[in-house]
Participant: 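Pasting in a structure now, in structure tokens, and then I'll have a few things to ask.
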Amino acid sequence: MAKKADTKIKKSTAKKSDAKKKIKEDNLAIPGSLLDDMAIATDFLVTSKAAVRNLAVAITETATPEVKNLLRRELDLAIDTHDKIAQYMIKNDMYHAYNIEEQVEHDLKKADVALELIKNKNFV
């Protein structure tokens with residue numbers, strides 16, 4: 001019985017190891033740490049964009065001049081933050097804002113890696 005369980009563990013470990021090797025060897029693969037940084041940066045970018053949108057809506061819904069001025073200052077900060085994140089991502093090849101073909105290829109690579117990770121259960 002123990003021998004059977006040991007064999008299953010070895011097979012499972014071998015499958016995971018083979019899958020990891022395939023991801024590393026695949027020229028579409030993105031290194032895990034870069035994927036993590038990219039996921040964090042992308043989430044931050046999307047969140048900052050939502051902040052810009054929400055602040056702009058809040059300005060149109062506000063009647064008090066003092067509150068409008070405060071929201072405008074916050075909107076300027078949110079726009080600056082969004083720009084800094086976008087520039088960081090562009091500089092680090094995480095975002096190809098000026099080349100749609102590159103961005104589509106980049107997104108497809110990320111999708112392939114995500115599907116491979118899920119398929120092989122190599123995610124944490």
Participant: State plainly whether the residues D107 and K110 are in salt-bridge range, i.e. N to O under 4.0 Å.
Facilitator: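 Salt bridge: yes.
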
Participant: Sequence neighbours excluded, which residues qualify as side-chain contact (heavy atoms from CB on, under 4.5 Å) partners of N69?
Facilitator: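 Expected list: R72, R73.
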
Participant: If I take atom CD1 from residue I90 and atom CD from residue Q87, how far apart are they, to the nearest 0.5 angstrom?
Facilitator: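 Going from the CD1 atom of I90 to the CD atom of Q87 covers 4.5 Å.
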
Participant: Which value, rounded to the nearest 0.5 Å, describes the distance between Y95 atom OH and I85 atom CD1?
Facilitator: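 Here the interatomic distance stands at 11.5 Å.
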
Participant: Under a single-linkage rule joining Ile, Leu, Val, Met, Phe, Trp and Tyr whose side-chain heavy atoms are separated by less than 4.5 Å, which residues share a cluster with I100?
Facilitator: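 Members other than I100 - counting any ILVMFWY side chain reachable under 4.5 Å - are V104, L108.
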
Participant: How long is the span from the NZ atom in K68 to the CG atom in L75, to the nearest 0.5 Å?
Facilitator: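 If I round to the nearest 0.5 Å, the distance is 13.0 Å.
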
Participant: Check residues 39-63 and write down every donor-acceptor pair under 3.5 Å in which the side-chain atom is one partner and the other belongs to a residue at least two apart or another chain.
Facilitator:
| unit_1 | atom_1 | unit_2 | atom_2 | d |
| --- | --- | --- | --- | --- |
| T42 | OG1 | M38 | O | 2.7 |
| T47 | OG1 | D43 | O | 2.8 |
| S48 | OG | F44 | O | 3.3 |
| S48 | OG | L45 | O | 2.9 |
| N54 | ND2 | A50 | O | 3.2 |
| T60 | OG1 | V57 | O | 2.6 |
| T62 | OG1 | A58 | O | 2.6 |

Participant: Looking at residues at least two apart in the chain, or sitting in another chain, which of them share a side-chain hydrogen bond (donor to acceptor under 3.5 Å, both in side chains) with E102?
Facilitator: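 Listed in chain order: H96, N99.
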
